[in-house]
Every structure is written in structure tokens, then in C-alpha cells.
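See structure below.
Whatever order the structure lists them in is the order used to number ligands and atoms, beginning at 1.
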Amino acid sequence: MLKALWTGEYDDEWKKIFSQNFELERASLNIGAVYPDGLLRGIDLIEVLKDKDIFIDGYDPVDEEIIKNCPKLKMILSVRDGPEENIDINMCTKYGIPVLFAGGRCVHSVAELNMTLMFNLACNFIRLTNRMRNEGWTSTNMTEDLFSQTELYRKTLSIIGLGRNGRELAKLANGIGMNVVSYDPYVTKKQAEELNVTMMSLPDAMSAGDYVTLLARVTPETEGMIGKKEIAMMKPTAYLINTGRSKLADEKAIFDALDNDIIKGAALDVFTSEPLNKDSRAYKIPEDKLLLTPHMAGISMERVPHQYEYLMDSFDKFKKGKTKGLRLYNPKVFDSLEFKNRGGIIFECEK
Ligand SMILES: NC(=O)C1=CN([C@@H]2O[C@H](COP(=O)(O)OP(=O)(O)OC[C@H]3O[C@@H](n4cnc5c(N)ncnc54)[C@H](O)[C@@H]3O)[C@@H](O)[C@H]2O)C=CC1
Ligand SMILES: O=C(O)C(=O)[C@H](O)COP(=O)(O)O
């Protein structure tokens, strides 16, 4: 039986399943990217990983030193959507170690938070509920507050970055009768048609949206793609949502636009500096203009079961040589000369 080290989030049900597949050792309890504590690093990690075939990794950093000192390691199963943040993928590829990952483990929570934010912005929910609690029923002035509510039905949602999260969101938004448009240079016309999404240029997508949401991944191409100029293209009645990454947009430009009524409002789940400092300018912007959530779009009770389901599904596919639906982060690993000595062993012995 293959020996596995498991540091990803603990789950009773999955412990049973892993134990049926591997000779399992549980080495640490870490509680995720948001609170990066309890990680195994360097020699501490080598000590427990050096005799293992498989590493079911949470957020523990894997670099060349680890790989060189763990010669039996044949495969990494990363619980993450973005394993590149803690694993040196190029090194894994060079040394012939396939990295399976749990891509899409939080698409539902990300898409659902986007819907929640839009619903809240549309009906000014936070302001109304706070006013009613603090000042009583009559303070929720009918003309001023209630008649400024809007419906999402027939409004336009513009998704910048139509990847896994963006596509899930497009389905939900279409489901309530929103008109969905998108800017993503890598999405084909056919893919967009199947999703009932109209593809546009970035300027057109910025100006078309009643809601513009940022869901691209950070790359040299996307970093800082939304600045003062792009925000100025938005309708003055529109809202900007960022549940992707803060680096996609110029945070100061968003705050300036809110202060100067260039746009109607915004909702932010990601920030330049996290945790968000109590003195941040974000807290000074009123609640009817800016909704704040603490980098929670990807977190739900269901995330852990999803991630292990995806990983074991990919592990089975990998062993059977199936590539459809395989969540393999580094497909170039098959070209590595080392592959036969590392990950290739699993593949070949099961063939
Ligand atoms: N706030 C949170 O808790 C969470 C945030 N995220 C973030 O959400 C974002 C989206 O995640 P996924 O959908 O899984 O990523 P993905 O990799 O599936 O999709 C990213 C999309 O961006 C597109 N893209 C690439 N270059 C672009 C460009 N120049 N302009 C527009 N689009 C471009 C790609 O073609 C792709 O379709 C990521 O930044 C991720 O880190 C993901 C999960 C939770
Ligand atoms: O929290 C985020 O932000 C995320 O992007 C999600 O947690 C997914 O990222 P990973 O931690 O799975 O890489």
C-alpha cells in the first residue's frame, strides 16, 4: 500500500476513505490560507515526509529542498485551488512529481457570495436592517430608502474573468433573469454561447454592467487591470465587486470613485493588506456605498468535502490513465525524465 502523509484539513469521513487507499499518517492540523498557522516547513516537513509516496498537502510549503530530501515522494495532492501559492510547481515538474489539485472547490460559495452581495446592494439591505434595529420602523423612510431599491431582474452583470467561478456565477445570474456579459480573452464564442454570456472588450464590459465583478486570476497580464480609467468607464449607477484578488484592481482608485460618486457602490472581499487594518479607509466609507466581507468567498462547510472528493476522483483517473476531468496542475510532468522514477510508478503499476 502507498504511504501517505496528510496535512490538509481534517475530516472524519475522509480519514476513512484515505485509510482504505493509503497507509496514512496525519501530521498537522492547519486551518487554512486565511489563518496560516501550524504549517510544517523545511526539516520538520522532511522528517515526516521522507518515507512517504504521497503528500496530501494543505498549505505547507514544498520547495526543491523538500523534494530532494524526500526521494520516495511520487505525487502531491494539494487541497488548494491555487497550489502554486505554496508549492514550487516547476520543481515538482522537473523532478517528475504530478501535482493534483482541488480546482473549483469553492466555486459555489464564490458564486453564491457574489449573488448575496448583489442582492444586498440592490435592496440596500445592510443600511435598512441597521436603521430599523437602531432607530425603529419609521426611520426606514419610504421614499428615501425603500423606493431606491432595485431589482436584479433584467440588470446586466459583467464578469471580468470567466473561469470556474465566473461560469458558476453566470449560471446563477442567468437563472434570475439577469443579462450576463463578460470580458475574458481566453473564452471562445462557443463556450460563451453555451453559458448564455455575451463576450465583450474590457471597456465595453466595464460600461455595460450594472454590476461589474472581478474574477480573473492574478497574472502579469491581469495585475492592476482595473484602475481609475476603467472605473471611470462604469455607469454612475453601477456597483463594483471584487471577490477575486485585490491585485486585480487599484484599491485607492475604488475608494476615490466611491468618495466622488463616480460609481454608486462597491463590495470587497479581498484587500491590499489582509487582515484589513482597523484604520483602513474602507471603514470610513458608509455602509450603503461599500460592503465589506473578510476574504470569505471561498470558505464554507462544504469546501473540505468538495476538495477531497475532487482529489480522490483525480487520483483514480490518474491511475487509470484518464485525462478527461483530471485536475492535474502540471501536465508537463509527463515530459520529465524523472517521471518514470517518481509519479510514473503509480501510473504504471496500476495499468
Ligand atoms: N475571495 C475568495 O475567497 C476566493 C477568491 N478566488 C479568486 O477568484 C479568482 C477566480 O478563480 P477561478 O475562477 O477559480 O480562476 P480560473 O483560473 O478558473 O479563471 C480565471 C479566468 O480568468 C481569465 N483571464 C485570464 N487573463 C485574463 C484577462 N487578461 N482578462 C480577463 N480574464 C482573464 C482566464 O481565461 C480564466 O477564464 C482568482 O483570482 C481566485 O484567486 C477563488 C476562490 C475564493
Ligand atoms: O481564499 C481564497 O482567496 C481563495 O482563493 C480560495 O481559498 C481558494 O484558494 P486556495 O486556498 O484553494 O488556493
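For Y10 and W6, the ring centers are positioned less than 6.0 Å apart. Y310 and F101 have their aromatic ring centers separated by at least 6.0 angstrom. With ring centers used as reference points, F339 lies under 6.0 Å from F334. Aromatic ring centroids of F315 and F22 lie under 6.0 Å apart.
Between A216 and ligand 1, a contact under 3.5 Å exists for at least one N or O pair. Looking at G298 next to ligand 1, an N or O pair under 3.5 Å apart turns up.
Among all non-hydrogen protein atoms, the one lying nearest atom 23 (C) of ligand 1 is D184 OD2, 3.0 Å. Protein heavy atom closest to atom 17 (O) of ligand 1, with residue, atom name and distance, is R217 NE, 2.9 Å. Scanning all protein heavy atoms for the shortest distance to atom 11 (O) of ligand 1 gives N165 ND2, 2.9 Å.
Between atom 7 (C) of ligand 1 and the options G244, G163, P185, S109, the minimum heavy-atom separation is to G244. If you check each of H295, R303, Q307 against atom 2 (C) of ligand 2, the one with the closest non-hydrogen atom is H295.
Looking at K3 and E25, no side-chain N of the basic residue comes within less than 4.0 Å of a carboxylate O on the acidic one, giving no salt bridge.
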